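Taking it in order: structure first as structure tokens, then the write-up.
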Amino acid sequence: MEELKYDFSKIEKKWQKKYEELKVFESEPDPSKPKFFVTFPFPYMSGPVHLGTAYTLTRLDVIARYKRKRGFNVLFPFAFHWTGTTIAGISDRIRRGDQKTIEILEKMDGVPRDEIERFKDPVYLARYYTEKNRTALKDYGLAIDWRREFHTTSLNAGFSTFVRWQYLKLLEKGYIKKGVHPVVWCPRDKSPTGDHDRLSGEGVFPEKFYLVKFRLEESHLVAATFRPETVFGVTNVWVNPEATYAEAYVDGEKWIVSLETLEKLADQLRSVTKIRELKGRELVGKRVTTVFTGVKVPVLPASFVDPSIGTGIVYSVPAHAPYDYMALEDLKHDESLLREYGLDPEEIRSIKPISMITTEKYGSNPSEKVVKELGIKDQSDPKLEEATSLVYKEEFHKGVTLDNCGRFSNLPVQRAKELVIEEMKNNGAGDEILELPSPVVCRCGTRCRVKILSDQYLLAYSSPEWKAKALKALEMMKIYPKEARENFVYFINWYVDWAFTRTSGLGTPVPWLPDQMIETLSDSTVYMAYYIVSKYVNNGTLKPENLTEEFYDYVMLGKGVPEEIEKKTGVSSELFKKLKHEFDYWYPVDLRISGKDLIANHLTFYIFHHVAIFPEEKWPRQIAVNGFLRIEGQPMHKSKGIFISLRDAIEKYGSDATRITLLLAAEGLEDPNWESEKASRNIELLASIYRQVLSFLEECSSGENSHMEEWLRNSIRKRVKKVTEALEEMEIREATSEAIYGLRNDLRWYLRRVSKPDYKTLREAVETWLNLLYPFTPHLAEELWSKLGNNVLLANYPWPQVVEVDEKPLLIEKYLENLIEDAYQILKATGKTSITRLKIVIAAGWKNEAFKELIRKAKIEPANVREVIDLYASGVSREEIGRFIGQVMKNLPSMSREYKAVLERVLEVGEHKILSEAREFLEKEFKCDVEILDENEIPREEFNKIAGKKPPVQPGRPLLLME
RNA sequence: GCGGAGGUCGCCAAGCCUGGUCAAAGGCGCGAGGCUCAGGACCUCGUCCCGUAGGGGUUCGUGGGUUCAAAUCCCACCCUCCGCACCA
């Protein structure tokens, strides 16, 4: 009994140890076998590997194990990512004593206090997690060749030589250029502020604001706007009377803008010389000249104007901007304010909104309409945001300019906008500034702004040639699931030049800029090639100083003469040639799997860089992506406590149960959902498989049941085919479920059906089952396999052959299943719980003959049905023939092909024979006597009496009489 | 806004490409029975509504359409989720 206990932890450790000892997953080139190189994007070592990572990894592991069994020489290496600012960011936060960070480390990651103290050193942190994660991954049991492991950044000299080479190649081939690049910038830290470094304003990025210059004497009042086309509706210009403004030379022209704007302009590569500062109130009452119309409009005070947004100057279009409308209304009714600024009440009150756009929904004066609809009271009402967005959306998409817009009259708003921008650019009345549409605050508490970095090195993703090459590679590649392909096309086309250098965090220095680092997405694009080299660095054969540009040129691109390079690098040309040989054997990557989130960045970069550096035959072959793991229906979120590390899962559920819980959770791009309850139940499922397999074979006193053995063999063949096909198409959930449940059900049915199972057949079936289970639950399968007395490792045992399935026995079983179902339905309808006798009356011979012929007919029409039936129904009463035709016409036309096949087969063998053979089983099933009769055997009169109003007996559908 | 995925019988989730045993797999939950000293273990049956004979009725986001036949194909609409750059 002890032996039937499923101790997953013991079993898993046992086999992991065995695989390691036997170096099962350590792969070397073998010319006699086709190779299959699989990779996984190295995880970032800022925390424990979690179940989301495990999900994708498990999918890859399944394929790796499957391919090995299909005779491929599989290479599955692994590495760890250290590059970037996140690790340094955590260290920073700990140094600052950030409680939230410390709490998460302690509670979610289970890091001891004294270790957290040491995390102030980012390198220590990265090492800590690398150690922890390596152990967790090993305990999870993956088919990884660990000899090739490495981590990134300059802290790994070997890896850095490779990245160095990569960037020298990119530079040499013209994929790197210099340019300018706007970023969200913290003036205090003097560095770009990414989402993770922000206290608020996540997801905000620079947007283009248009500047419109209003002449004020020799100077210009420069207003910022998203809607330059509305300049035809200007009635006045707003300033905040309390704010500080400045007059300055901007690129030689005199501008008046808020004081803060000067800094922004300077950050955006404008030459700015301040002349003087002034209060907003000084501007109030002045008159400025509008752009196209040349009208003079007043400058008026408004409290809603924020000097830190845009330029601190807003031009007023009351007809189309709810804010302007409200501010104007407020002013008209505020005597004291008018007096304070010495404004003429009459003049102000005579200002009328100028309509210049119309939409079906809001007409030509939308501000007033929307403000009333929303019940907005004054310019400080927060609902004005909503009002603005309603009007903006409607007018932008469906608006048309009215005929007071000069050359831009009667145009769709979108078109008018383009033309106005172009015109203002030409005549100098307009300009642009990049701005953050909502405030961004750096972790250090400083308000961020946009900065244009000059002299940036950029990856020239905007290059049409590069894009074309990437698209070509994509076309040649297999993408799973196929829906994801469109995503790749979209992102390849969408990318513009990418700034790849950083001044902070960990990484490999830019070869020609030693004080700058290559950022995290850019140093991890072709590193899979380095797995070939890393093995030799790890075992000491190669030293980082050997890994020169010439070295990689030869090994990876076949450039240069080995003997000459030997002199330069100090590496023997023999070793070189060996490495080149290995590289050519393994590369390219046959399959890379990741979460779908990486389509937008990493995987697209992966394609871009491969086509840039490598010749066509080394381009990636297949990419598979999958959804994002959710925990109990929620997206993973460490700070909300929604997080399960791989380590935790292994400890609670073990590797195999964790694996199938993940694998069964989703297919394609869907987000898999982890349910802990399911995982627990899966342990039970595996335990029951464990017990079943062992007990199946124990109690076997062998008996031949011919039909059922045929059935089992063929049903399993069908499963093998299904699992294999699903795996080939990366439909891993389908494969998992078929391998586990499908075969389990087959075996159950077989055992239910026969009184004495056939030992040989059963054993064969069980072995096939274990073979199919291996990619999904390797440890359990291997354990049972060895318990069955097999000496060869299941890991190395060939996958079952996909052979032709003989459907005949399956069709006959289907017939029996239907019959049993019918019987249960009758029991249910009559409310009977037990019966003493079941009489099965099968259809008369002439019906069978007629049916056989009719089934084969493509068209079932009353005329030909009658004709066929008449042919066989000699001596049968007209009434009976009529009833039978009626039934045929009702059922046959809507019969599926599958069911027709069932019938055809059943009639061929004969219902009587099938039922006789199954009698014992039926008697067991219904716990009653079973009698099989032929319709002809019963005298007509008696038959009519017992059949009553029941429909006529139909071939394949016998009459069931229960007593 | 742009791009992608999706809405199925209490819940989770197949099916949809290739229309017809689809009232719709499987799991959970729930109910009945068996096995058992007992059971959260295992086995069998049931679980939209009606029905004392295998039948009928109404279902697959909503509304149309194509078809002898639609969860499945077409059109429109509503709703949900995910990604959108210096960030891994």
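Protein chains get the first letters and strands the later ones, always in sequence-line order, with residue 1 at the start of each. Excluded from the calculations below are hydrogen atoms, water molecules and symmetry mates; all remaining heavy atoms, backbone and side chain alike, are included. Quantities reported herein were computed from a predicted structural model and do not represent experimental measurements.
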Paired nucleotide for B:A13 [Watson-Crick or G-U wobble; both distances under 3.5 Å]: none
Kindly point out which of B:G54, B:A53, B:U44 is positioned nearest to the side chain of A:D822? B:G54
The side chain of A:I826 is closest to which nucleotide in this list: B:G54, B:A5, B:A88? B:G54
I'd like to know if A:E904 and A:K900 make a salt bridge, using a cut-off of under 4.0 Å between side-chain N and carboxylate O. no
Under-4.0 Å side-chain N/O to phosphate OP1/OP2 contact, A:T86 with B:C87: no
May I ask you to verify if any side-chain N or O of A:R502 is less than 4.0 angstrom from the OP1 or OP2 atom of B:A88? no
For B:U47, take OP1 and OP2 only and decide whether either is under 4.0 Å from a side-chain N or O of A:K828. yes
Can you identify which nucleotide, out of B:A53, B:G20, B:C87, has its nearest atom closest to the A:L521 side chain? B:C87
I want to verify a distance call: between B:C43, B:C82, B:G55, whose nearest atom is closest to the A:K596 side chain? B:C82
Quick one: do A:S676 and A:E632 satisfy side-chain hydrogen bond (donor to acceptor under 3.5 Å, both in side chains)? Show the steps, please. CA-CA 7 Å; A:S676 298; A:E632 315 291 349; 2.9 Å; yes
When both distances are under 3.5 Å in a Watson-Crick or G-U wobble arrangement, the nucleotide paired with B:G1 is B:C84
Listed nucleotide nearest any side-chain atom of A:H81, set B:A53, B:A88, B:U44: B:A88
Only pairs with both distances under 3.5 Å count, Watson-Crick or wobble alike; so what is the partner of B:C48 in this structure? B:G57
A:Y55 ring center within less than 6.0 Å of A:F628 ring center: no
Salt-bridge test for A:D109 and A:K638: reply yes if a basic N is under 4.0 Å from a carboxylate O, no otherwise. yes
Across the strands shown, which category fits A:V496 at heavy-atom distances under 4.0 angstrom: base, sugar-phosphate, nothing? base
For B:G55 and A:R957 - does any side-chain N or O of the residue sit under 4.0 Å from the phosphate oxygens OP1/OP2? yes
For A:L664, answer base if it contacts any base atom (sugar-phosphate contacts may also be present), sugar-phosphate if it contacts only those atoms, and nothing otherwise; contact means non-hydrogen atoms under 4.0 Å. nothing
Please work out if A:E821 contacts a base, only the sugar-phosphate, or nothing of the nucleic acid, heavy-atom cut-off 4.0 Å. nothing
May I ask you to check whether A:H151 and A:F80 place their ring centres under 6.0 Å from each other? no
Give A:P958 one of three labels, base, sugar-phosphate or nothing, depending on what nucleic acid heavy atoms sit under 4.0 Å from its own. base
Using Watson-Crick or G-U wobble geometry with both distances under 3.5 Å, which nucleotide pairs with B:C73? B:G65
B:A5, B:C45, B:C87: which one has an atom nearest the side-chain heavy atoms of A:Y824? B:C45
Paired with B:G40: which nucleotide, if any, by Watson-Crick or G-U wobble criteria at under 3.5 Å for both distances? none
With a 4.0 Å limit, can you tell me whether A:R681 has a side-chain N or O closer than that to the phosphate oxygens OP1/OP2 of B:G27? no
